[in-house]
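This report concerns only the one structure given below.
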2 protein chains.
Amino acid sequence: MPTIQDVAKLAGVSTATVSRALSGSRPVGAGVKRRVQEAAEQLGYRHNVLAQALRTQRSRTIGMVVPQISNPFFPLLVEAVERRLQQDGIDLLLCDSHYDLDVEARRLRTLTDRHVDGIIISPLHATDSAPAIRTAAELVPVIQIDRQVEGLAGHWVGVDDAVGFSQLVDLLVARGRRRLVFVSSQLDNSSARDRAQTFEKSLARHGLEPAAPALLGRFDVSWGLEAAQRLVDDFGDSRTSGHGPTGGGHGGYGVYGGPDGVVCGDDLIALGVLRGMSRAGIAVPDEVAVTGFDDIAFAEISDPPLTTMRQQWDVMADECARLLKQDLTGGSRRIAVAPLLQLRGSTPRIAPA
Amino acid sequence: MPTIQDVAKLAGVSTATVSRALSGSRPVGAGVKRRVQEAAEQLGYRHNVLAQALRTQRSRTIGMVVPQISNPFFPLLVEAVERRLQQDGIDLLLCDSHYDLDVEARRLRTLTDRHVDGIIISPLHATDSAPAIRTAAELVPVIQIDRQVEGLAGHWVGVDDAVGFSQLVDLLVARGRRRLVFVSSQLDNSSARDRAQTFEKSLARHGLEPAAPALLGRFDVSWGLEAAQRLVDDFGDSRTSGHGPTGGGHGGYGVYGGPDGVVCGDDLIALGVLRGMSRAGIAVPDEVAVTGFDDIAFAEISDPPLTTMRQQWDVMADECARLLKQDLTGGSRRIAVAPLLQLRGSTPRIAPA
DNA sequence: TTGAAAGCGCTAACAT
DNA sequence: ATGTTAGCGCTTTCAA
C-alpha cells in the first residue's frame, strides 16, 4: 500500500503539500496539484483513514444502536440514516442491543472507544438506559432517535406520537366507533408511554373512556395475536371455540360484544391482532376496526390492508444528520416529525348514518 | 481522555509495560500487573482503538454489504452476524448498496480504505459485482454470503438452494400437484439462478415440466401480487373481474385451470402471491398451493400461513466468523447450509387418495 | 521481566 | 505557496 510519502516522492513535493493538494485544506499551486493527483493516481494511492482519524480525532464514522435490527421497523430507520450519512461520506457502525441493557451499555462503550463522531441511538428503556447514554454523551454528540430516555437533557428526533395517535382516535370516532381499546408494549419505553397517554387524552377529548384496560405486552406479532385472543375471550364471543391453526371459519355470526376499535402501538401488533381476529372469525373492520403505526411494508398486504400512520424516515434521517453537523453544546433539541395517515381497509370506510 | 502514558506514570512503569500488562501480549510481573490495572482503573483509562489499529494494522472491525437492509431477509442475516462478531469483540460496519452497482463498488472501497479486517458481502449481481469484489479481495479477506458472483474463486457461505427447492417440489408432487410454476426475481443474481435451476431439475426428476414459463421480476411483495394476477389472467379465470382493493370475496367458484402449485423464489414474493390469489378469490391451498423461502417472521401469520424453508442464520454467521479467523489464502471455501422445511397451511395437508 | 525508542500514516503548527 | 517537523496513542523490536 503506497503512503503519502510515496506520492510526495513521485510528485517531487513534501508530504504536507500532498496532504493539502489531496484534501484541499489549503491552497496549492495549480501545477503542483495536478502533479500530485497524477502521482497518487499512478501509484493507486488510498488514503489511510485510520491514520487520519488518529491525527484529526475525527473518524468520519457514526455509531447507531438499535434494540433489534430484525424488528422490521428499525431497518427502515437504519436504511434512511445510512443513505443520508453516505452522502456526507460518513460510515455507519451498526450495533444491536438485542433488547438487553448490558449489551446496550457495552455497545455505547465500544462506540466511544472507537471515537465515532456521533451516536444515534434508540434507547431500549425509558429510564434504565439513561446512565449509559449520559456517559456516552459526555464524550461525543448523541442523538436519540424514535425512542428516548426520560429526564435527560439530550437531543431527540422522532415521530410525533401525539399527532399520530390523536388522528387515529379521531378517525375511529368519526366513523362511529365508541368502544376503543389500546394494545401496545409494556410502558418501559418512551414510545409506548407517549402513545398510551395520547390515546387516553384523545378519547377524553371526545368524552370517551377506554372500553377496556390497555393490553400491554411486546412490540411483536405474537403479542398482537395473543391480545386479540384475550379480547375475544374476555367478551365471551361464542365463536372463540373453533380457533384452530387453520383459521376459525367465517360461519356462525354470534354476538361479539367486545371493543369495536383496537388501536395498536405499532404495525407488528396490529398485524397480529388482525390475524387473531380473522382466526376467531370476527370481521374487520365491520365488527372491529384495527389501526397500526409506522407503515411497514406488510401493512399494505394484510387482509384487510392496515390503516396506519406512515413515518417519514427520510425526514428524520435528515434531521439527525443536520444535528450531528451542528455544534450541539448547550440546550437540547427535540424534533418531532409528523406521521402521515394511510387510510386502508382495516378501518370502516365511511361514517355511519 | 487519559492515555497509556498517564497510566504508565501513575503506575511507575514504562508505556511498554502498561501495554503488555493490559493486553497480556507478554508476561509481566504479578505485582506490576496489578499496579497497572489499578492505575488504569483509577484514571478511567480507555484504550484508543484508532491508535492500536494504526499500529497493528488490524481494526477489529469487519464490513458487511447488503443489497438493501429494508428487505426483511437481510436483517435476519445482519443480526446473526452482528451477534456472532460481538462475541469476538469485533464491530460491524454496515453498508447498504441499495441495489446499485456503483454504490456497491464505492462501499467496498471505503471498507478497504478503513482497513477492516474482513468483508462479508451479499453481492447484488451475479456477474457485474465481480470486479469490485475481486479488487477488495486482494486487500482483505472477503466472504460472500447468501448470494455470490460467478467465476470468482472466492469464499461463500449460504443456503443450500438445491436441497431447499427440491424438497419443496417433492412436497408438492407428493401432495398430488402436477402443474407447478416458478415465480422469482430476474436471474441477475446467484440465488435466483440456482433456485430456478433446481426447480426445473426437481420437476424433471418426477418426469414433469413447468406448467408455465417462470415468472421473473423482483424479490418483493408487489412482484408477487403482480405475478398472481398474471397467472389468474392468463388462465382465464372467471373470478378475476372483481379484484377490488378490499379483496374479491369468496363467492362464485368458477373454473380455475391454472397451475396448482406456485413455487416462489422467496417469502416476499410468496406473500404477495398469497395475497393476490386471495384477492382473486382463488383458494389456497385447495386450488393452488404456494411455497416461499427464508421463513421471515411474516410467513407465520399470513392467511394461510406460508409453507417455506427456514434458513439457519446462526449457523451461517458462525461459519462466516470461523472463516474470517482462518488463514484463507489459497483455494476457495464454499459452505452450503441446509434449510429446514416449515410445513404450514399454504400447501395441502395430506396426499390425495 | 522491563525500558528506551522507533514508527504506523497522517495533519497542522510554524517556518520560509 | 511550500517545506520542516512534531506529534496523535499505541505496539514492538532491541537492549539491558
Side-chain angles (χ1 to χ4, degrees), chain A residues 1-40 43-61 89 109-110 112-117 139-140, chain B residues 1-40 43-61 89 109-110 112-117 139-140:
Chain A
M1 268 280 160
T3 74
I4 205 170
Q5 310 252 17
D6 303 320
V7 179
K9 203 165 293 169
L10 183 60
V13 294
S14 73
T15 60
T17 302
V18 173
S19 175
R20 302 196 262 250
L22 259 29
S23 72
S25 62
R26 306 243 139 205
V28 137
V32 173
K33 183 162 194 170
R34 209 181 34 255
R35 279 216 321 282
V36 169
Q37 284 170 336
E38 278 166 9
L43 293 171
Y45 169 73
R46 305 246 76 206
H47 215 178
N48 186 324
V49 186
L50 258 32
Q52 186 186 40
L54 179 61
R55 181 62 231 244
T56 60
Q57 307 285 17
R58 334 202 73 256
S59 60
R60 302 197 67 74
T61 308
R109 291 275 275 215
T110 75
T112 51
D113 281 357
R114 278 176 178 276
H115 293 239
V116 293
D117 297 337
L139 298 168
V140 35
Chain B
M1 267 280 159
T3 73
I4 204 171
Q5 309 251 18
D6 304 319
V7 179
K9 203 164 295 171
L10 183 61
V13 295
S14 73
T15 60
T17 302
V18 174
S19 174
R20 301 196 262 249
L22 260 28
S23 72
S25 62
R26 305 244 138 203
V28 137
V32 175
K33 183 163 193 167
R34 208 181 34 255
R35 280 218 317 284
V36 168
Q37 284 170 336
E38 278 165 10
L43 294 171
Y45 170 72
R46 306 244 77 206
H47 214 104
N48 186 323
V49 186
L50 259 33
Q52 186 186 40
L54 178 61
R55 183 58 231 240
T56 61
Q57 307 284 18
R58 336 202 71 257
S59 59
R60 302 198 67 75
T61 308
R109 290 276 274 216
T110 76
T112 52
D113 281 358
R114 277 177 178 276
H115 293 240
V116 294
D117 297 337
L139 298 168
V140 34

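Note on naming: letters A, B, ... go to the chains in the order of the sequence lines (proteins, then strands), and numbering restarts at 1 for each one.
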* Structure fact -> With five pairs defining each end axis, the helix from dT1(C)-dA16(D) to dT16(C)-dA1(D) comes out bent, to 10°, by 40°
* Rounding to a whole Å, what distance do you find between K9(B):NZ and dT2(C):P? -> 20 Å
How many angstroms lie between atom [atom1] of [X] and atom [atom2] of [Y], to the nearest 0.5 angstrom?
X: Q52(B); Y: R114(A); atom1: CD; atom2: CZ; value: 9.5 Å
X: H115(A); Y: T61(A); atom1: NE2; atom2: OG1; value: 11.5 Å
X: D113(A); Y: N48(B); atom1: CG; atom2: CG; value: 8.5 Å

* Could you tell me whether the side chain of D117(B) and the main chain of R58(B) form a donor-acceptor pair under 3.5 Å? => no
Who pairs with [X] by side-chain hydrogen bond (donor to acceptor under 3.5 Å, both in side chains), at least two apart in sequence or on another chain?
X: H47(A); value: none
X: S25(B); value: S23(B)
X: R109(B); value: none
X: T112(A); value: none

Hey, can you pull the donor-acceptor pairs under 3.5 Å for the side chains in residues 26-40 of chain A, sequence neighbours left out?
from   : atom 1 : to     : atom 2 : distance (Å)
R35(A) : NE     : A11(A) : O      : 3.2
R35(A) : NH2    : A11(A) : O      : 3.1

* Asked: Which nucleotide span of DNA chain D, 5' end to 3' end, has atoms closer than 4.0 Å to non-hydrogen atoms of chain A?
  -> dA1(D) to dG9(D)
Are there any protein N/O atoms within less than 3.5 Å of an N/O atom in nucleotides 8-12 of chain C, and if so, which ones and at what distance?
from    : atom 1 : to     : atom 2 : distance (Å)
dG9(C)  : N2     : A51(A) : O      : 3.4
dC10(C) : OP1    : Y45(A) : OH     : 2.4
dC10(C) : OP1    : N48(A) : N      : 3.2
dC10(C) : OP2    : I4(A)  : N      : 2.4
dT11(C) : OP1    : H47(A) : NE2    : 3.3
dT11(C) : OP1    : Q52(A) : NE2    : 3.0
dT11(C) : OP2    : S19(A) : OG     : 2.8
dT11(C) : O2     : R55(A) : NH1    : 2.2
dA12(C) : O4'    : R55(A) : NH2    : 3.4

* What residues, two or more places apart in sequence or in another chain, satisfy salt bridge (Lys or Arg N to Asp or Glu O under 4.0 Å) together with R60(A)? -> none
For residues 1-9 of chain A, please give each side-chain donor-acceptor pair under 3.5 Å, one per line with the distance, not counting sequence neighbours.
from  : atom 1 : to    : atom 2 : distance (Å)
T3(A) : OG1    : Q5(A) : N      : 3.1
D6(A) : OD2    : T3(A) : N      : 2.7

* To do: Using a cut-off of strictly less than 4.0 Å between a heavy atom of the residue and any atom of DNA chain C, enumerate the qualifying residues of residues 28-39 of chain B by number.
  => V28(B), G29(B), V32(B)
Report, one line per pair, each donor and acceptor closer than 3.5 Å where one atom sits in a side chain of residues 12-21 of chain A; sequence neighbours left out.
from   : atom 1 : to     : atom 2 : distance (Å)
S14(A) : OG     : A16(A) : N      : 3.4
S14(A) : OG     : T17(A) : N      : 3.2
S14(A) : OG     : T17(A) : OG1    : 3.1

